[in-house]
Trainee: 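Handing you a structure now.
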Amino acid sequence: MELRTFVDRLDDRLDTDAYADVDASANGLQVGPESGTVEHVAFAVDAATATIEEAAAAGADALVTHHGISWGGIDHVTGKTYDRIASLVENDLALYVSHLPLDGQQELGNAAGVAEAIGVSDREPFGTLGPVTIGTLGGTGEPLPPETIRDRLDGFEGSTNGTRVLEFGPDRIERVAVVTGSGADWLEEAAAAGADALVTGEGKQQIYHDAREAGITVFLAGHYATETFGVRSLQSLAEEWGLETTYVSHPTGL
C-alpha cells in the first residue's frame, strides 16, 4: 500500500483535521517521506527510542503511536528529539501519530475501548474540548459496585500498580464517563451529565476535593493502561487492509 494512501485512510477514519486547533500534538504523518510504500506496520502507545528500535527490528515500514515526538512544533532537533528522529530515518521508518483524535473516536478510540472493556454500553460522546469531544459516556446495564469496575480496570495491559479509587459516589454505579490519560479536568462535566463515576488514567491534587464535593467516584487506572486500546484497534484495522502488523508493548507503570 502507498504510504500516502495509508495516512489518508487513517486521517479520514479518525477525523484528524477536526482536532487541529485543539491538540498540541502534530497529528498525522510526523516523520516520513512524501512517497513510499508500507507492507508492515508497528503499533505502540509511545514514540520513544525503545519502541522505534523494536518496530525497526520487526521489519516495520511505519510506526503508529498515540503519543508522538512533536508537541507544539519542534524548534531544535537535539537530545532525545534528535535520537528519535535519527532512529526513524536511519531505519527508513515512517511515524504516524494520533493523539486526541484517537481518544475521541467513538468506535476505535481509547475511551471507547475502556468503556467496552468495563461493560459500559449505550454510549455517547463526552469530554468537550472546543468543537470536539475526547471521551465517552454510557451505562453499565446493571448497577455495579465500585469494586467490580476496579477489578476490570486492574486487568488492563500495563496496569502494574492497581487502580486508585476515590470512592465518593453511590454504592452502585450505573452511569460512567471515560476520558483516558489525563482526564481529571472533565470531572465537573461528568457530574453535570449525571455520571456516578469518572474513569481516567491519572489525577491531579484537586480532583480529590472536587470528587468528594460532587459525590462522584473517580477511578485512576493509569495513563498507559487506559491508552492501549486505540492503537490496538488501529492495528486490527490495518490487518483488515491487508497489512502485516506488530504490536510493541512498553508499559510505563504510570
Trainee: Has Arg150 got its NZ or CZ under 6.0 Å from the middle of the six-membered ring of Phe219, at an angle within 45 degrees of the ring axis?
Mentor: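 The answer is no, since Arg150 fails at least one limit relative to Phe219.
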
Trainee: Apply side-chain contact (heavy atoms from CB on, under 4.5 Å) to the pair Thr37 and Phe6, showing each step before the final yes or no.
Mentor: CA-CA 9 Å; Thr37 59; Phe6 178 68; over 6 Å; no

Trainee: Do Phe156 and Tyr224 make the cut of ring centroids closer than 6.0 angstrom?
Mentor: no

Trainee: Check this for me: does any side-chain nitrogen of one of Glu107 and Arg13 sit under 4.0 Å from a carboxylate oxygen of the other?
Mentor: yes

Trainee: For Pro170 and Pro146, work out which heavy atoms get closest and say how close.
Mentor: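 Where Pro170 meets Pro146 most closely, the heavy atoms are O-CG, 4.3 Å.
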
Trainee: Would you find more than 12 non-hydrogen atoms of other residues, nucleotides or ligands less than 6.0 Å from Asp15 atom CG?
Mentor: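 Enclosed.
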
Trainee: Just checking, is any N or O donor in the side chain of Glu227 or Thr180 under 3.5 Å from an acceptor N or O on the other one?
Mentor: yes

Trainee: Judged by atom type as modelled, is there a donor-acceptor pair below 3.5 Å linking the side chain of Gln30 to the main-chain atoms of Ile69?
Mentor: yes

Trainee: Apply the test side-chain hydrogen bond (donor to acceptor under 3.5 Å, both in side chains) to residues Asp154 and Thr163: give CA-CA distance (whole Å), side-chain angles for both, the deciding distance (0.1 Å), then the verdict.
Mentor: CA-CA 6 Å; Asp154 282 347; Thr163 300; 2.8 Å; yes

Trainee: Side chains of Asn27 and Ser25: any donor to acceptor distance under 3.5 Å?
Mentor: yes

Trainee: So with a 6.0 Å cut-off around CZ of Arg9, is the heavy-atom count from everything else above 12?
Mentor: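 Yes, because the 6.0 Å sphere around CZ of Arg9 holds more than 12 heavy atoms from other groups.
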
Trainee: Say whether Glu53 and Ser87, considering side chains only, have a donor N or O and an acceptor N or O under 3.5 Å apart.
Mentor: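 Glu53 vs Ser87: no donor-acceptor pair found between side chains.
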
Trainee: Is the number of heavy atoms from other residues, nucleotides or ligands within 6.0 Å of CD (Gln205) greater than 12?
Mentor: no

Trainee: Does the gap between the ring centers of His223 and His67 come in under 6.0 Å?
Mentor: yes

Trainee: Flag the pair Ile118 / Leu153 as yes when at least one side-chain heavy-atom distance between them is below 4.5 Å, and no otherwise.
Mentor: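 Yes; the side chains approach each other to less than 4.5 Å.
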
Trainee: Using a 6.0 Å cut-off, check whether atom CD of Glu34 has over 12 heavy atoms from anything other than its own residue.
Mentor: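 Count not over threshold, so no.
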
Trainee: Within a reach of under 6.0 Å around CG of Asp8, are more than 12 heavy atoms found that belong to other residues, nucleotides or ligands?
Mentor: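 For Asp8, atom CG is crowded (more than 12 foreign heavy atoms under 6.0 Å).
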
Trainee: Does Leu29 reach the side chain of Leu95, with side-chain heavy atoms less than 4.5 Å apart?
Mentor: no

Trainee: More than 12 foreign heavy atoms under 6.0 Å from CD of Glu116: is that the case here?
Mentor: no

Trainee: A quick test of your reading: do over 12 heavy atoms of other residues, nucleotides or ligands sit less than 6.0 Å from OH of Tyr82?
Mentor: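 Not buried by this count: 12 neighbours or fewer within 6.0 Å.
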
Trainee: If you count the non-hydrogen atoms of other residues, nucleotides and ligands that lie under 6.0 Å from CD in Glu39, is the total more than 12?
Mentor: no

Trainee: Would you say Thr128 and Glu189 are linked by a side-chain donor-acceptor pair, where the criterion is simply a distance under 3.5 Å?
Mentor: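 Judged by distance alone, the side chains do pair up.
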
Trainee: Can a donor-acceptor pair be found between the side chains of Tyr19 and Asp103 at a distance below 3.5 Å?
Mentor: no

Trainee: State, with a plain yes or no, whether a side-chain heavy atom of Val22 is found less than 4.5 Å away from one of Val132.
Mentor: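 Side-chain contact under 4.5 Å: yes.
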
Trainee: Distance alone, cut at 3.5 Å: any donor-acceptor contact between the side chains of Thr136 and Gln106?
Mentor: yes

